[in-house]
Structure formats: C-alpha cells, structure tokens
There are 2 protein chains.
Amino acid sequence: MRRADFKRKTRVIVVDDNYDHASGIRELINLEQDYEVIANAGNVNVAISLIKKYQPDIVLMDINMPETDGITAISEIEKLGLKTRIIALTGYDEADLIYRAMKIGAKGYILKTMASAQLIRALDEVSMGKIYLPSVLCSKFFEYFQAAERNEKAYNAAEDEENLLNYLTNREEEVLGLLTEGITYKGVAQQLFISETTVKTHVNNIFQKLQVNDRTQAVLYAINKGFSAKKKAKIA
Amino acid sequence: MRRADFKRKTRVIVVDDNYDHASGIRELINLEQDYEVIANAGNVNVAISLIKKYQPDIVLMDINMPETDGITAISEIEKLGLKTRIIALTGYDEADLIYRAMKIGAKGYILKTMASAQLIRALDEVSMGKIYLPSVLCSKFFEYFQAAERNEKAYNAAEDEENLLNYLTNREEEVLGLLTEGITYKGVAQQLFISETTVKTHVNNIFQKLQVNDRTQAVLYAINKGFSAKKKAKIA
DNA sequence: CGTTTTCTAAATCTTTAGATCTAGTACTTA
DNA sequence: TAAGTACTAGATCTAAAGATTTAGAAAACG
C-alpha cells in the first residue's frame with residue numbers, strides 16, 4: 001500500500017523536546033523510501049513557524065513537553081487550516097490525553113514504547129487520509145468518551161427532575177419561544193397576529209406554569225431546559 | 001484468554017428481526033464453550049422485557065430493524081442501568097450510526113458481513129470489559145466524531161466575531177451576572193449594597209456596550225457568549 | 001350534550017424597566 | 001496637575017411589564 005517510487009515522498013516534521021529521541025525517529029523514518037523528515041522542532045513555537053513555512057504532510061507531535069502542552073499545540077496547528085495531519089506521540093496512554101488529542105483533530109495516536117513498525121504503519125494510514133489508533137488506545141479512548149457522555153446525560157437528567165415546560169400549551173410555547181429571542185410584547189403580538197393584551201395573558205399563564213415572576217426568569221428557565229434546541233428543531 | 005471451564009458461561013441475548021439470521025448467530029455462538037445464547041428477540045419490546053428478566057452479560061443488537069430503531073433501543077437498555085453490555089450488529093458501516101451507537105454506550109460494533117471469528121472476538125473482548133471496534137469502523141467513527149467537533153468549533157467561532165462582554169467593567173460584569181440569574185434591579189441593589197438608581201446606571205451602560213435594548217436581550221447575549229460559565233468559574 | 005381547554009381580548013391598575021441628564025468621589029495615567 | 005475612567009447616585013420622565021378579573025368563541029373530551 002506504499003506509494004510508488006515516482007511519487008514525491010511524504011514530508012514529515014518531528015516535534016520533540018528530547019533531541020535524542022527526535023533524532024532516533026528521524027533516522028527511523030528516513031530509512032523508509034516513502035517518507036522524509038524535513039525538519040525537527042524542539043518546542044512548540046519553532047514547530048508552528050516551521051509548519052507554516054513548509055506545510056508538511058504529517059507532523060509527529062510529542063505531547064509530553066514541559067513548556068507548552070502538546071494538546072494546545074495540536075489545537076494551534078489545526079487552527080492554521082492546513083492539510084497537515086497530526087499524529088500524537090506520547091509516553092503515556094492516559095485516556096483523557098487520547099480523548100483530547102483526537103477530539104481536537106489528531107489523526108493518529110501512538111506510544112513511544114510501541115514498536116517502530118507501529119510508527120511506520122501510523123504514517124502509512126494517516127498519509128492515506130485514514131485515522132490510526134491502535135486498538136489498545138482505541139479502548140482507552142472509548143473509556144473516556146463514554147464516561148464523558150454518561151456524565152453529560154446524568155447532568156441533563158438531574159436538570160429535568162420535572163420539566164414544567166411540558167405543561168405549556170402550543171400557543172404558550174410559541175410565545176415563550178419569541179421571548180427567548182428577546183422580543184418585546186408588542187413584537188410578539190405583531191408576529192403572532194394577536195393583540196398585546198392576549199400576549200400578556202399568555203405570558204402570565206406561562207409565569208404561573210413555570211413558577212417564575214418575570215420574562216427574564218422564564219427565558220432562563222426555558223434555556224436551561226433546552227428549550228432553544230426544541231425551538232430550532234421546530235423551525236427546521 | 002477464554003474463561004476456564006469451571007466458570008459459568010457468558011450469557012447472551014440476540015436481538016434481530018430476521019429469524020434466520022438470529023438462528024445462525026445463535027448456533028455460531030453456541031459452538032463456543034464459553035458462551036450460550038439464552039434467548040432471541042425479534043423486536044425491541046420483547047428484547048427489553050427479556051433483558052430485564054434475565055439480565056444477560058451481553059446483548060447482540062441488530063440496528064437495522066423496521067419498527068423501533070436500534071439506536072433508541074440501545075439507549076433504552078442503557079437506561080435500565082444493568083451490567084449488560086451491548087454490541088451493535090448491522091449491515092452498514094455508516095459513520096453516523098457507529099458514532100451514535102458508541103456515544104450512547106455500545107461496547108462494540110460489528111458488521112454482519114464480517115467473518116464469524118470477528119463476532120467471537122468481539123464477545124471475548126467485550127465480556128472482559130473492553131471495547132471492541134474493528135479498525136475500519138474505528139476510522140469511520142473518528143471521521144464522524146472529528147467532523148462533529150469541527151462543526152461545534154466553527155459554530156462557536158462564528159459566535160465570537162466580537163465579544164462585546166470584554167468591554168464591560170468589573171462592576172458591570174457583576175451586575176450582568178445577577179441579571180442572568182433573573183434578579184430584579186431592587187434585588188441587585190441589595191446584593192451589591194448600592195442604590196437602585198446606580199444599578200440602573202450600570203444597566204444602561206451595559207445595554208449600550210452590548211448594543212441591546214433590554215435586560216432579556218442582555219441576558220441572552222451574555223449566555224450565548226458563555227458568560228454563565230465564566231461566572232461559575234469565578235465563584236468556584 | 002354538557003364540560004373543560006385553549007385561545008382570544010378587554011379594562012384597570014401597580015410596579016418595574018429603561019432613557020436621559022447631572023454630578024460627586026476616587027483612582028489612574030499621561 | 002489635568003484628563004480620563006470607574007463607581008456612585010440623584011431627579012425626572014415615558015414606556016413597558018406584570019397582576020387581576022372578566023368573558024366570548026371554538027375545539028376537544030367524556
């Protein structure tokens with residue numbers, strides 16, 4: 001699956017504050033005919049300027065650097081909007097590191113302790129536009145991912161002990177929807193083609209049902225219960 | 001890595017509306033000494049009652065069922081809060097299906113077209129508490145996952161063209177913070193130990209800086225810019 | 001068919017909210 | 001020291017917002 005000889009080599013930049021390690025990787029990669037390391041960077045700032053300048057195909061980014069943390073570095077590089085693909089390289093297989101790296105756009109994640117064949121395989125996969133995450137790390141990722149989702153769900157569930165929005169009538173929902181856009185009673189009346197007094201009637205009923213005292217509190221309640229999402233869904 | 005003979009077999013329930021297919025899986029699994037299929041279910045409702053009753057170790061869930069969709073089914077089962085682990089089983093490798101299944105807590109995802117060894121391997125991994133996602137599907141997952149994250153980022157970035165909140169003074173931020181709790185001017189005055197007219201002065205300045213006309217709009221602006229998060233961070 | 005909801009709307013009144021202008025004090029900075 | 005900024009606060013208005021009561025018409029429900 002390697003590229004044919006007549007194609008230009010895949011250009012790689014290695015970012016690692018440990019010079020020996022970076023050199024090791026460089027030699028390892030340069031043994032491969034399909035790849036060439038065009039630069040090394042010992043810190044994030046140098047790395048970013050090199051990446052801007054050479055726009056490499058792949059960046060091998062060490063995450064465990066003292067000054068700037070590698071996660072932020074990946075984020076910075078991704079912001080540049082280049083075609084450059086980033087593979088995270090680290091000594092630790094911590095689930096949250098893997099999660100964060102992949103979340104912000106890393107195309108691969110490998111451990112320094114892994115065999116060199118893994119590194120080359122990662123380069124192969126990623127240079128073809130695929131994601132490379134060894135199954136062990138994939139497991140770790142999902143540990144964190146699913147835990148995060150569970151927490152989110154638990155959080156939302158805690159919020160809807162009782163969703164008073166369910167007691168609103170259709171019309172009241174419409175009125176509340178306009179209130180959550182910061183529209184005045186007069187504006188609501190015009191948009192719904194009803195009188196302002198009718199709007200006030202609806203609003204008062206809404207206040208009672210939501211157990212609040214004014215529009216601001218009603219809007220806050222609605223937003224906390226995810227009302228805006230519901231409203232957007234209706235419009236679409 | 002299989003369980004020793006003296007351990008009880010891992011109990012599996014197969015959910016598939018296609019009877020032939022379900023039978024095939026059943027026979028395949030029953031060939032393994034470590035597993036036994038204790039029930040088949042042809043639709044989601046039956047499946048859920050069986051799962052409640054027998055609390056199997058693993059559920060093999062077909063996602064492509066006509067009546068209820070399998071994603072919802074997984075979600076329902078997860079809500080039960082059992083130790084039961086779910087492996088999604090489907091004919092298609094659509095990225096969004098994989099993403100959604102894993103997001104709501106599936107412990108594995110395999111294709112019907114995959115070799116039977118894959119199925120057994122998935123059972124082995126998942127019964128040991130690990131996640132099983134073949135690398136092809138893992139790639140698909142990340143395609144969707146990273147695209148979703150990118151969209152989220154783009155969405156947030158679009159919002160911060162300019163954050164007018166940055167122009168607020170400390171006191172104005174405090175006042176706005178209280179407004180976002182739905183507190184009245186009089187209440188704000190009491191909490192900050194200043195007069196109500198002072199509050200009004202601050203609020204008017206806030207309106208001008210945020211380019212809004214009333215408190216509701218100010219609160220909405222603040223929330224959209226993530227003001228509440230900032231406020232909570234300050235408190236903590 | 002009667003009852004209940006929902007949506008509509010008016011009248012009336014009190015209370016906030018919001019706009020505007022002025023102004024004193026304190027602190028910072030050129 | 002003069003100028004600017006932030007915080008304070010008063011007076012004075014107008015315009016909304018909110019509370020409350022009553023009530024008609026249409027639809028839904030038992």
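All of these numbers come straight from a predicted model, not from anything done at the bench.
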> I'd like to know if the side chain of B:T72 pairs up with that of B:S75 as donor and acceptor (distance under 3.5 Å, no hydrogens or angles considered).
no

> Just how far, in rounded Å, is P of C:dA19 from NE2 of B:H202?
16 Å

> Counting only side-chain heavy atoms from C-beta out, which of C:dT16, D:dG18, C:dA10 sits nearest to B:K186?
C:dT16

> Got a sec, which residues hit side chain to side chain contact (heavy atoms under 4.5 Å, CB included) with B:K200, two or more places apart in sequence or on another chain?
B:Y185, B:E196

> Starting at atom CG of A:L178, determine the distance to atom P of D:dA17, rounded to an integer number of angstrom.
13 Å

> Roughly, in whole Å, what's the span from CG in A:N213 to P in D:dA16?
22 Å

> According to a strict under-4.0 Å criterion, is A:T184 in side-chain N/O contact with OP1 or OP2 of D:dA17?
yes

> If you pin B:T201 and B:D214 to their nearest nucleotides in DNA chain C, which one's is more 5'?
B:D214

> Would you indicate, yes or no, if C:dG18 has its OP1 or OP2 atom less than 4.0 angstrom from a side-chain nitrogen or oxygen of B:N204?
no

> Rounded to whole angstrom units, what separation is found between the CG atom of B:N205 and the C1' atom of D:dT8?
12 Å

> Establish, with yes or no, whether the OP1 or OP2 oxygen of D:dA9 is under 4.0 angstrom from a side-chain nitrogen or oxygen of B:K200.
no

> Is there a donor-acceptor pair under 3.5 Å between the side chain of B:Q146 and the backbone N or O of A:M102?
yes

> What is the distance from CG of B:N170 to C1' of C:dC27, rounded to the nearest Å?
14 Å

> Does a nitrogen or oxygen in the side chain of B:R171 sit under 4.0 Å from OP1 or OP2 of D:dA6?
no

> With distance as the sole test, does A:R85 use its side chain to make a donor-acceptor pair with the main-chain N or O of A:G105 at under 3.5 Å?
no

> Without swapping roles, check the side chain of B:D57 against the backbone of B:T10 for a donor-acceptor pair under 3.5 Å.
no

> Quickly work out the B:E196 CD to C:dA19 P distance and round it to whole Å.
15 Å

> Starting from C1' on D:dA16, measure out to OH on B:Y185 and report it in whole angstrom.
11 Å

> Tell me whether the OP1 or OP2 atom of C:dC7 has a side-chain N or O from A:T198 closer than 4.0 Å.
no

> Pick the nucleotide of DNA chain D nearest each of B:K209 and B:F193; which residue has the one closer to the 5' end?
B:K209

> Please report the distance, rounded to the nearest Å, between OH in B:Y167 and P in D:dG4.
20 Å

> Does B:S195 have a side-chain nitrogen or oxygen under 4.0 Å from the phosphate oxygens OP1 or OP2 of D:dG10?
yes

> Regarding B:T169, tell me which of base, sugar-phosphate or nothing describes its non-hydrogen contacts under 4.0 Å with the strands shown.
sugar-phosphate

